[in-house]
Every structure is written in C-alpha cells, then in structure tokens.
Trainee: 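Below: one structure in structure tokens.
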Amino acid sequence: MESQNKNLIIATVLSVLVLIGWTFFFPPQTPPAPTETVAGSQPAVPTAEATETATVGALTTEAATEAAVAASPRIRIETPNLTGSISLVGGRLDDLSLKKYNETLAPDSPLVRLLAPVGGTDLGAAKPYYAVYGWSPAGGLDPALVPGPNTVWTAPADATLTPETPVTLTWDNGAGLIFTRTISVDGNYLFTVDQSVENTTDAPVRLAPYGIVVRHGIPDSQRVYVLHEGAIRMTDGKLEETKYSNITKLDQVPGEGQAEILKGTENGWIGFTDKYWMATLVPADGAFTSVVKYTAASDLYQAEVRMPVTEVAPGASATVESRLFAGAKEWEVIKSYQDQGGISRFVDSIDWGWFFFLTKPMFQLLHWLHGAIGNMGWAIVALTLIIKLLVFPLARKSYISMAKMKELQPEMEKLKEIAGSDRAKMQQGMMELYKKNKVNPAAGCLPIILQIPIFFALYKVIYVTIELYHAPWLGWIRDLSAPDPSSILNLFGLLPWGTPEPHTMFFMLSLGVLPILLGVSMWLQQKLNPAPTDPSQAMIFAWMPWVFMFMLGSFASGLVLYWIANNMITFFQQYAIMAMHGQRPDLFGNIRSTFKRKPKSEPAAADKAKAAKPKK
C-alpha cells in the first residue's frame, strides 16, 4: 500500500497547497477606509459635442444637495419583487429593496437594500447607490437648458410605479424644450426608461441621452479572489470585469479623470455586480459608449452609458429607450432577459469562473435538482453523487495503476539492492521494468489531476448561486450560504453563551457539527489503507483531516456539505474498487491500529554503542 499512500498524500497535499496559496496570495480584501465624501457629491455629467456620438468629457454642474434629495417628493415603487421610490429631484432611481430577500433569518430582519439615496434620512441609511438619467448638451446648447441634478420633475398626483402603471415625469425648461421621462417596470427586476424631448423652438437642438449608475464607496462585504465584485460590462460580445481595487487604479483620461472608455457598435451593458445583486444599464441596440470611472476626492464609482447625439428639428420630438436591471442575480430571470429580452450574453453577469464550460452545465443540473427535490441541501448531495459517478472510471483507472505499481514493489526493492548508490543504473532499471510490465508511473496521479477542474467548477457553482441564500437544509442548518451556526464552544447550544461572530479570527475555533463531520469523513477515508510506515508520512496523515476541519469550518454550510458528501462518496467508491480487485480494505483493523499504543522503539545501534563506551 506504500505507493497508494504516496499518491493519496500527493493529491491531499496539492489540495492543501491550493487552499493555502489562495489564502496567502489572495486574502479577502479589507475594505479601504472610506474617504471623506464631499457633501452632496454627484457624478459629473458627460458632455456631447456636435458629432454622431457623445465624446469624452465631463462637465461640472451644480450638485444636488443632500437636503434637496432628502426633502424630495417621491413616487412609490411597488412590484411583486421590489419596493422603494423615485426621487423627483433629479428624477433618480435611488431607493430600492428586494422583497424576497432579508438581511438575516430573524423574523424582523430588514429587506436587502440594493439602491439608496444620498442624505441623512432613513432612506439613506445605506451607502448611496443609485441610477441617474439625463441629456448632455451638444452643438453649443446651453447646459442650463437641459435637466440637471437639481431639476425638480413633476408627476401626476398619487402616481405609483407598478408593472401595470408606468409613471411619466415632466420638466419644461421654459425656453421651448419640454422633457419627459417615462419609467416602467416588469414583475421582476427590469426597468425601462424612455427619455423624450420636444422642441417647440424655431431652431434645431442637439443633445445626447445618458444613464449612470453611481456608487458612493464600495459595499461592506467579504471580497475574495474566487468571486468577482465590481464593474462588469459586455461590449459587442466581449465581457470585461474590473474589481473595485482596480477601478481606483484606472489611468487618467483628459477631461474625465480616472476612467476607462469603450465604444460599442452593436449592443452591450454595463454596471456593478456583487455576489448576489446587480445594477446594470442596458442601452438600445446600436452605437453607444460605456465608461467606468472613479473620482477619488468623493470616493465615487461610476458606470456610464452614453448614447449618440440626437438632433431634434423645430416642432419635432425624439425618444430614446434604455433599460436598467436592478435586483437579484436569479439565473432563470436573467436568462429570460437574455433569451426573450434580447440582452446579449446577460447570463454571463453571473461569475462562472475559469471553468465556465463546466460550471454552466453543472449549475443548470443543480437548478433542475433543486426544483425536483425541493431542498437545496439534498440537491447539492445529489449533484455531488452524479458528478462522482461520472468520474468513477477515472478513479478506477487511478486505483488500477496504483495496484500495478504495488505489485512491482518487490522487484523495485531488488533493483535498489543491485544498483546501490548508482542512481543512473537504478533509473534505467526502473524504466525497463515499467516498459516490460506496461505500467505508466504517472497514470495513478493523472486521473486525479483531471478531476481537479471538475471539482473546482462544482465548488464555484455552490459558492455563487443565489439559491443557497437563506436556503434551509435540515434541523439547525437554515442558511446554506452561511457557516454552520452550531458550536462546540457552547456544546452545540446546551450552554447559555454565544460564540464568535463569523469572519472573525476566533470563529475558526468555533467548530460546528458540519465541520466536525468533515474532519471525520476525511479521517474515515484515510482508514481504507494502513498507516504509512514512514513516520513523516504517518504524521501528515494523522493531522490532515483535523487541519482541514479548522481551515474549512468557517466556509458556507453548503460548501462544507458538498465536501462531506464528496468525501463519503469517495470513501464508498474506493472501498468498492478495492474490493473488486481483491484488495478489500481492513477498515476496522486500520481504525483499531490508530488507537493502539505504539511500543517504544529500540535505541539505534550507534546509540547503544555510544552508551556502552566507557567514559574517560
């Protein structure tokens, strides 16, 4: 079993090195200390020259004050999935909560807030995060003649935005231009914004519509390497992701500040994405400009869509349509917007990772299993079982290769005796031995290496899917997206004191039931083989399950459940493979040997001789 143990150690150590490497080189990013935000800071309004598209540039306009926004009259938003309001100051979407999602499992827990306004009111309790729309002047048009951040729009009395009742905002500049903004919303998370301008003057006017998603500071979340949070955009079929830390490092662009500008000719979208939520601008198909921008002085992150300049003839009007997705990244909903709504590659707003070609089909299978079983925890177990059955031939091939290597051990020992210290002769003899018996020494590890992308993809699926959010499994596991709430520190709830908060340094010591089961499952998997004869290998084997237990215990319950299921299915698979090849494991014997007292080793001959040597 020596060769088999070595291969298992190699696979285990590789897994540990990957986990430790991620933790060391890509630790969770500590949110930077918030800079002092300028009161009432607003996004710079893009300008448009007398060209076919809006050009690079920024215009400093009078900012809407916090007091103005706080005192603003509002229009209610009420849909099956959303609740909030629209501010008539600036006509901005800046108050939005998700009805289906609460912040915690507590009965009185507030709803997850996605968008929040500036200001000191209750509406502004969260960091300001909102969408604004407007028109950039072009062709020498006076900026005062287009609506700005302080513009107070009018709306019908008692207007409420629902899927059945769009709302229309109006502003007359008093100089012959009448602006209207019609906002509608569906039953999920998609707003449609129609911006119109009517020219009642005797001269043509040129102006360009825009939309901006603005974020004051970054969200308070645990940012990790395996998940993208920050700006995301798709331009003519090309997906681009920029983390918040990289947005602050953007190059200076004349007239813009720190920005990155892309021009699209066909279609696209741009916005900010978190683990489960997203706010994304979707322009109408055709030419557009997308901009990611950062303003250090006020710690503003911006995602902009600038649409081509429109010329409105005297007595004519023009309308431009765009859309805004603001909600939860539910796969079915996003896919429907892609397939039926024509938003190109919108499902790629979900972070599928490097192994997307594996992650996407796995997610669809998990989604189907969840619908069929009705419980996400058991769906994870079922998905793990299906994946393990699919890779069973690889596991069997790996074991057969290791078994052949084991059969060659006696002959390899003879070669060592014959070759002595001649390493070249030893290597030549081993190669001839492998060739004669048709054995590939790498065949034992190769199937294991081939399985690594599969299980990283499965890990990614379970980590990013919103269906784990507040999803119960059984008993005390009521949220598969959170760590196991039970703790050995209070005897799993029998003692009347609390435990360390998740994501704190001491939480690692607060082992719950699932982390302990994870350690036990790894330990049982080891006991299929006798302990290695080499003391160093034996020590690594002895500590490995319990090191993993502490390392992975603070992960989401859904992930720990996946690892437990994977370990136990691997245990039964390996037991069956060994039994099929006449090597039935002595499981209980190996377990008993763990607890036997080891006899004290005899002193080495040199030590005995030294001890026997008379003292001078």
Trainee: Answer yes or no: is there a side-chain heavy-atom contact under 4.5 Å between Leu561 and Ile477?
Mentor: no
Trainee: Mark yes or no for whether Tyr337, through its side chain, and Tyr189, through its backbone, hold a donor-acceptor pair below 3.5 Å.
Mentor: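 It does hold such a pair.
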Trainee: Test of understanding: with ring-ring contact (aromatic ring centres under 6.0 Å, His included), list the residues that count as partners of Phe571, not counting sequence neighbours.
Mentor: none
Trainee: Between the main-chain N or O of Asp194 and the side-chain N or O of Thr319, is there a donor-acceptor pair closer than 3.5 Å?
Mentor: no
Trainee: Kindly write out the residues that satisfy side-chain hydrogen bond (donor to acceptor under 3.5 Å, both in side chains) with Ser521, not counting sequence neighbours, or none if the list is empty.
Mentor: Asn567
Trainee: Tell me every residue that passes ring-ring contact (aromatic ring centres under 6.0 Å, His included) with Phe363, counting only those two or more places apart in sequence or in another chain.
Mentor: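 With neighbours one apart ignored, the set is Trp331, Trp352.
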Trainee: I'd like to know if the side chain of Thr79 and the backbone of Pro163 have a donor-acceptor N/O pair within less than 3.5 Å.
Mentor: no
Trainee: With a 4.0 Å cut-off, would you call Lys249 and Glu260 a salt bridge?
Mentor: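 No salt bridge links Lys249 with Glu260.
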Trainee: Suppose we screen for salt bridge (Lys or Arg N to Asp or Glu O under 4.0 Å). Which residues come up paired with Asp351, at least two apart in sequence or across chains?
Mentor: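 Asp351 satisfies salt bridge (Lys or Arg N to Asp or Glu O under 4.0 Å) with Lys460 once adjacent residues are dropped.
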Trainee: Look at the side chain of Arg345 and the backbone N and O of Val347, then say whether any donor-acceptor pair between them is shorter than 3.5 Å.
Mentor: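 Answer holds: no.
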Trainee: Measure from NZ or CZ of Arg306 to the centre of the six-membered ring of Tyr210, then state whether that distance is under 6.0 Å and the direction lies within 45° of the axis.
Mentor: no
Trainee: Just to verify, which of Tyr130, Tyr301, Phe272 counts as forming a ring pair (Phe, Tyr, Trp, His ring centres under 6.0 Å) with His216?
Mentor: Tyr130
Trainee: Mind checking salt bridge (Lys or Arg N to Asp or Glu O under 4.0 Å) for Glu240 and listing every partner two or more places apart, or none if nothing turns up?
Mentor: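 Checked Glu240 against salt bridge (Lys or Arg N to Asp or Glu O under 4.0 Å); matches are Arg233.
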Trainee: Listed by chain and number, what are the salt bridge (Lys or Arg N to Asp or Glu O under 4.0 Å) partners of Lys238, not counting sequence neighbours?
Mentor: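 Salt bridge (Lys or Arg N to Asp or Glu O under 4.0 Å) list for Lys238, sorted by chain: empty.
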Trainee: Arg323 and side chain to side chain contact (heavy atoms under 4.5 Å, CB included): which single residue from Leu281, Thr280, Asp186, Leu190 fits?
Mentor: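 Between Arg323 and the candidates, side chain to side chain contact (heavy atoms under 4.5 Å, CB included) is satisfied uniquely by Leu190.
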Trainee: Do any pairs count as a salt bridge (Lys or Arg N to Asp or Glu O under 4.0 Å) and have a residue in residues 360-386, sequence neighbours left out, and if so which ones?
Mentor: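 Qualifying pairs: Asp348-Lys360.
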Trainee: Any donor-acceptor pair under 3.5 Å linking the side chain of Thr289 with the backbone of Lys263?
Mentor: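 Not at all, since once roles are kept as given, no pair shorter than 3.5 Å links the two residues.
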Trainee: Return the set of residues passing side-chain hydrogen bond (donor to acceptor under 3.5 Å, both in side chains) with Thr465 (not counting sequence neighbours), or none when no residue passes.
Mentor: Glu467
Trainee: Are the side chains of Ile77 and Leu93 in contact, using a 4.5 Å heavy-atom criterion?
Mentor: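 They are in side-chain contact.
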Trainee: Backbone N or O of Leu250 within a donor-acceptor pair of the Lys293 side chain at under 3.5 Å?
Mentor: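 No; zero donor-acceptor contacts below 3.5 Å.
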Trainee: Side-chain contact, heavy-atom cut-off 4.5 Å: Met522 with Met549?
Mentor: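 No, their side chains stay 4.5 Å or more apart.
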Trainee: Evaluate the ring planes of Phe355 and Phe357, with Trp represented by its six-membered ring, and classify them as parallel (under 30°), tilted (30 to 60°) or perpendicular (over 60°).
Mentor: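 Ring orientation of Phe355 relative to Phe357: perpendicular.
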Trainee: Looking at Phe346, Phe191, Trp269, which one forms a ring pair (Phe, Tyr, Trp, His ring centres under 6.0 Å) with Phe325?
Mentor: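 Among Phe346, Phe191, Trp269, the one that satisfies the ring pair (Phe, Tyr, Trp, His ring centres under 6.0 Å) with Phe325 is Phe346.
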Trainee: Counting C-beta onward and ignoring hydrogens, is there a side-chain heavy-atom pair between Arg74 and Asp94 closer than 4.5 Å?
Mentor: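 Side-chain contact under 4.5 Å: yes.
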Trainee: Could you note down all residue pairs passing ring pair (Phe, Tyr, Trp, His ring centres under 6.0 Å) where residues 375-397 supplies at least one of them, sequence neighbours left out?
Mentor: Trp378-Trp473
Trainee: Measure from the side-chain N and O atoms of Asp484 to the backbone N and O of Leu514, and report whether any donor-acceptor pair falls under 3.5 Å.
Mentor: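 Yes; at least one donor-acceptor contact below 3.5 Å.
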Trainee: When rounded to the nearest 0.5 angstrom, what is the spacing between OG1 in Thr83 and CD in Glu78?
Mentor: 3.5 Å
Trainee: Please examine the side chains of Ser322 and Val305, heavy atoms only from C-beta on, and report whether any two atoms are closer than 4.5 Å.
Mentor: no
Trainee: Considering residues at least two apart in sequence or located in another chain, which fulfil the side-chain hydrogen bond (donor to acceptor under 3.5 Å, both in side chains) criterion with Thr570?
Mentor: Lys388
Trainee: Contact between Val253 and Val291 at the side-chain level, heavy atoms closer than 4.5 Å - yes or no?
Mentor: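 Side-chain contact under 4.5 Å: no.
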Trainee: Hey, does the side chain of Gln258 reach the backbone of Thr248 with a donor-acceptor pair shorter than 3.5 angstrom?
Mentor: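 A pair under 3.5 Å: yes.
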Trainee: Closer than 3.5 angstrom, by distance alone: can the side chain of Trp153 be matched with the main-chain N or O of Arg92 as a donor-acceptor pair?
Mentor: no
Trainee: Sequence neighbours left out, what passes ring-ring contact (aromatic ring centres under 6.0 Å, His included) with Tyr276? Give chain and number order.
Mentor: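 Partners of Tyr276 by the ring-ring contact (aromatic ring centres under 6.0 Å, His included) criterion, ordered by chain and then number, come out as Tyr469.
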Trainee: For a quick check under 3.5 Å, do Asp285 and Asn267 share a side-chain donor-acceptor pair by atom type?
Mentor: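 No donor-acceptor contact under 3.5 Å links the two side chains.
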Trainee: Test of understanding: with salt bridge (Lys or Arg N to Asp or Glu O under 4.0 Å), list the residues that count as partners of Arg478, not counting sequence neighbours.
Mentor: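 Expected list: none.
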Trainee: For Asp299 and Tyr294, test the side chains for any donor-to-acceptor distance below 3.5 angstrom and give the result as yes or no.
Mentor: yes
Trainee: Using only atom types and a distance under 3.5 Å, with no angle test, would you say the side chain of Ser85 pairs donor to acceptor with the backbone of Asp95?
Mentor: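 Looks like no, no N/O pair under 3.5 Å.
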